[in-house]
Structures are given as C-alpha cells and as structure tokens.
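One structure is given here, and the rest of the page talks about it.
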Amino acid sequence: MIAHLILRRLLGAIPSLVAVVVVTFLLTRALPGDPAAYFAGPAATPQAIEEIRHKLGLDKSLPLQFVDYLGDLARGEFGQSLTTGQPVAQDILARLPASVELTLAGLILALIVALPLGVAAATRPGSWIDHLARVVSTAGVSLPVFFTGLLLVYVFYYLLGWAPAPMGRLDLFTSAPRTITGFFLIDSLLTGEFATFRAAAAQLTLPALTLALFSVAPLARMTRASMLGVLSSDFVRTARANGLSRGTVLVTYALRNALLPVVTTLGMVFSFLLGANVLVEKVFSWPGIGSYAIEALVASDYAPVQGFILTMAVLYVTLNLLIDVLYGLIDPRVRIEA
Amino acid sequence: MNPTLRHIRHVLSENPVTGLAFAGFAAILLLALFGPLIAPYDPLASNTDQALRAPCWEYWFGTDHLGRDIFSRVIVATRLDVQISLAAVALSFALGAPLGICAGWYGGRTDRMIGRVVDTIMAFPLFVLAMGIVAALGNSVVNIVYATAIINMPFYARMARAETNARREAGFVEAARLSGNGDARILAAHIFPNILPPMMVQVSLNLGYAILNAAGLSFIGLGVRPPTPEWGIMVAEGSAYIVSGEWCVALFPGLALMLAVFCFNLLGDGLRDIIDPRRRT
C-alpha cells in the first residue's frame, strides 16, 4: 500500500521535473554571450567560430539542441566552469553537502522553535505568548535574511566574541573530517574527532540561526492556526471529556492532526529556505552551491549558474516529493484514497 | 456617516497597528516622491576625509567607506526600491489576475494549461528562478522587475482562480448573464470588481516580498550597480565592514528595508481586517 503510494507520487513528480529541465534549457539558451566565440578565443576568424559552433552543436535547431542537452544531463555533463577550471558537476557535487547541511540545520532549528511556540500560542489565545508568536511571525517575514545574518555576526562575533569569524565551514586551524556523508557534523562524529565537531558546530550556528529566524514565522503561524482549528474539534472535546491527560490530548490527539497543514506549508518554506540559503551563504562565506553560483554570476561564467539552477530545482522537486510521501505516512486517510 | 467609512473606522480603532501601517505607507510614498529634495547631501558625492564616520550631528547615520552620507543615500534609495516593487507587483497582478480569472471561469482545458504554467514556475525555489531569469535576460534593473513579476505571478493566478471559481454560479453572475452580458463583460465588469478586494490584500503582502526579493538580488550583485543608492546593495557594501565593527554602513539601509517590508505586511493584514472580518488575524 505504501509502496503503491510512493510510486504514484513519483509518477506525479515527473511533470515538474520535465518542466524544470525545459525551463532551465530555455534559460540557458537565452543566456548572454556566444559560447562558440568564447571557446574560439579573441583572435578567431568568423570561419573558425562557425566551425566551433558546429562542433558544439549550436547550429542545430532548438529541439535538436534540447535532445543534446538531455543527453548531456543523462551523462551528468553540466559543462566546464571557467572560474574553477573544473567540470561543473564535480564542483556542485563537492559543494552540495555544505548547502544541504546548512539548510537542514536551519530547518530543524526552526521546527524546534516554531512548533512549541505555535502550540503554546494556540492553547492560550490572547495571552502574552500568543502576542509574542504574532510579533515573531510578522517580524520574521519582514526581515531581509542577509540583514539578520549581518546583525547576528555583529552582535555575536564582533561585540560578544562568542561566535567564530563568518568564514566558511571550519576555522583556519581545523582540518575537515574524512568525507563519509559530506556533512561535517556527522562525519566528525563518525570518525570520533570531537574537536572538529565543536568547530564545525560553532561555524554552523550563526548561519543556521539566520535561516531559522526566517522560517520560524510561516511555520509558527501555520501551527497556531491549525492547532486552533483542531482544538475546537469534537474529537478533542471527547478526549478531554474522557479524562485523558492534558499532554495526551495536546500531543497525541491535537498536534498529530494539526501537523498535516504544517507539513504542507513545509513545501513553501523549503522554496524560501533554498533561496535564502544563497544569501546566507554569501554573508557567511559558506562554501556551498549558492556562493558558487554567485561567484560565477559575477564573473559572467554561466555554466555553473545553469548547473546551480537545475540542482536547486531538482532538489526542490525531490523535497516536495518527500513531503508528499511523508504526508501519506502520517495521514492514513491519504493512503486509503490512494 | 457612510457605512463603509464607519466600518473602516471601527476596524482601525480595534487595531491601532493598522493605522500605523497606513501612516508608514504614506511616509514611504512621500520619501519616494520627495526623497532627493529632502536629502541633506548628494547621495553620490564621496568625501574620503570623512570615510566610515559613526553617526553624529553632521551625518545622522554616519558615512560609508567613500565618505558618502548614509542618511541621504537611504532616503534617496526609497524611490528606486519602491519603484521596483510597485512595478513588479503591478506587472504580476496584470499577468496573474486575467490568467487566474480565465482558469477559474472556463475550467477544463484552459484551467489545466494555465495550471501547468503556474506549476512550472512554482517547481523552482522562487529566488533561485529569479536569479536565473536575471542572468538570462541580462543584468539590469528592468530585468529585476521582470524576474520579480514572474515569480510572484502564480500567487495572483491561484488566488484569482479560486475566487472566480467560487463566484461562477453566484446570483449576480446569473443575473448578469440573463440580462444578456457576454463572457468577457461578465468577467471584466462583474467578476473582476468582486475579486478585487481580496486581491488587494495579496498585493500589499506581496509588495513586501517584492522589495525583499529585489534587495536580495542586488545584494548578490544583480541588477542595481554601484554607486546607485539602493537598500540591498548598500547592505552588501556595508557587509565588508561588519566584522571590523563599522555597523552603521549596513545597519541603516537594512533597517529601512525591514521597516518598509514590515509596514507593507501590516498593511496587508490591516486591509484584510477591513475587507474580510472572518479572516481577522
């Protein structure tokens, strides 16, 4: 049954993937600059440029070029980065764990804050905690994420000296742990390098906090709204009337049901998080794919930008797929309908 | 007194924050209109003797690394930021509303096709798509407006679709049809004015997002180029000085940006209170 559900969701994600690939291709072809002229060099004759264009397949019709593009993608060819001199796919693969680790850390932090805050606000509407939740969620969506990041750096690095300099995933004196998953926090624990773990956690704290501050708002808002709805429902009243403890009613009965809309919101939150990630990476010199794309954009090096957009989009489609499956797992009704 | 006005006054007296949001919005518009006249210094004039000064009587917000007055730059930047977000939101409204209305009204194939376009945009993380669009169209302010408009379009299309769909069978629509109105006239003269109020709420909430998006793009070096005063790029310029403790270069433009977005969001919530009492926050 669950396998059936997952398969259905997988099939459902195919149109999004196709759309993403087509749009990325069209954006690629619209990018400024003539790759043929670039590869031919400044002294090339028009004839030489034409020859290279033919060799690159750029003189074919757009649909044929699209087929070539699909072939390249299937072979994992994203082109060559002019700035790093490496194949883009290799660069992105090397930098992806940094971005994913940061995004997930931010999301987990946000959930840890947002869920209790939303529940507390919903159980005591009109109280100070409800007002606090409202202020936090309005302020949270108004804060430019790059600005919050800089404020945190100023307060916790410059003024208080609690945080390390915002210079990437590790300070200069610590070497990276052996790559197992690519996540420094997990790898350093697996290899038992606790000093590295502490250093990596210290570097991660501020950027993750920045992302969390930004995503607490929609999550807390949704938790509060959906908890309010569930708490006034019949089954919660029945559970209370049967004398179940407050904790059981709140967590097992109310929160489990209230989480469904929150899980749906996660899709939108991820869209914002992945975008905000780019800005946070720039602020904290985080060596992820966002800062890679920014460096490439500034240098007018477009192959990495394409690779970045495609990676982000595929990542986002995958995350949405996971959310869909998760939704099916926590809500038995979806499974039965499927 | 006019009942609408009375209702607005009632809602405002219940939630004074909304009044504040309206006042803030007016202030932002005034700054956008008259900013260059109010600014005490030329926002582009550099004076390296006075570089990186802390706020003082002479320079209220201090000076940046080229000795330019930050207060003047923050004020003058209002116009560009407001222009970008207003233009982007107007454009996405103009694109999204008709598409959504058609999808909601005709249903069937039209709905599926428009839905496909909307889903395609939403399949990307929106800021990343905006980066891609600006990279593809070329690095300019106009293209930032286009990119912001495109990524916001789905919200209007979806909302217009849902609101139109809900009114398709409404009595006033039947009446209009029976009086011999064609589809186009019903959509333009009956459906559109009816879905306008909830759409306006979306517009004001979206203004904040559009400003954030545009500032984010210029923060990473897209669109607006130095030395043009713009909040996002000013924060980017200031970011280099944060680690050495010169906070005012980044703080004041960032605060201005934050206040503007905060104000637009509160305005949206307030408008929603006025328009739809059921959805009061």
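Just so it is clear: chains get the letters A, B, ... in the order the sequence lines come, proteins before strands, and each one is counted from 1.
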Non-hydrogen atoms of B/G216 and A/L279 that approach each other most closely: O-CD2, 3.5 Å

side-chain contact (heavy atoms from CB on, under 4.5 Å), paired with B/S239, selected from A/L150, A/V153, A/V283: A/L150

Check: A/F272 ring centroid to B/Y209 ring centroid under 6.0 Å: yes

For the student: nearest non-hydrogen atoms of A/G275 and B/V128, plus distance: CA-CG2, 4.4 Å

B/N265 portion near chain A, given a 4.5 angstrom heavy-atom threshold: side chain

Per-residue contact mode, A/L151 against chain B (heavy atom under 4.5 angstrom): side chain

Student check: side-chain heavy atoms of A/F147 and B/L251 closer than 4.5 Å: yes

Chain B contact via A/Y157 - side chain, backbone, both or neither, heavy atoms under 4.5 Å: side chain

Neighbour count >12 (heavy atoms, 6.0 Å) for atom CZ, A/F66: yes

From B/F155 atom CZ to A/M268 atom CE, the distance as rounded to the nearest 0.5 Å: 4.0 Å

Residue among B/L259, B/L129, B/L212 with most heavy-atom pairs under 4.5 Å to chain A: B/L212

Heavy-atom proximity to chain A below 4.5 Å, by part of B/L255: both

Distance-minimising heavy-atom pair for A/A313 and B/P125: CA-CD, 4.0 Å

Engaged part of B/L222 at the chain A interface, taking heavy atoms whose separation is under 4.5 Å: side chain

Ring geometry between A/F146 and B/F219 (parallel below 30°, tilted from 30 to 60°, perpendicular above 60°): parallel

Which of A/L273, A/V317, A/L274, A/V20 touches chain B most, by non-hydrogen pairs under 4.5 Å: A/V20

Residues B/M131, A/I309; criterion side chain to side chain contact (heavy atoms under 4.5 Å, CB included); working and verdict: CA-CA 8 Å; B/M131 279 172 72; A/I309 294 171; 5.6 Å; no

Donor-acceptor pair, side chain of A/S271 and main chain of B/L126, under 3.5 angstrom: yes

Largest heavy-atom contact set with chain B, pairs under 4.5 Å, which of A/N320, A/L297, A/L315: A/L297

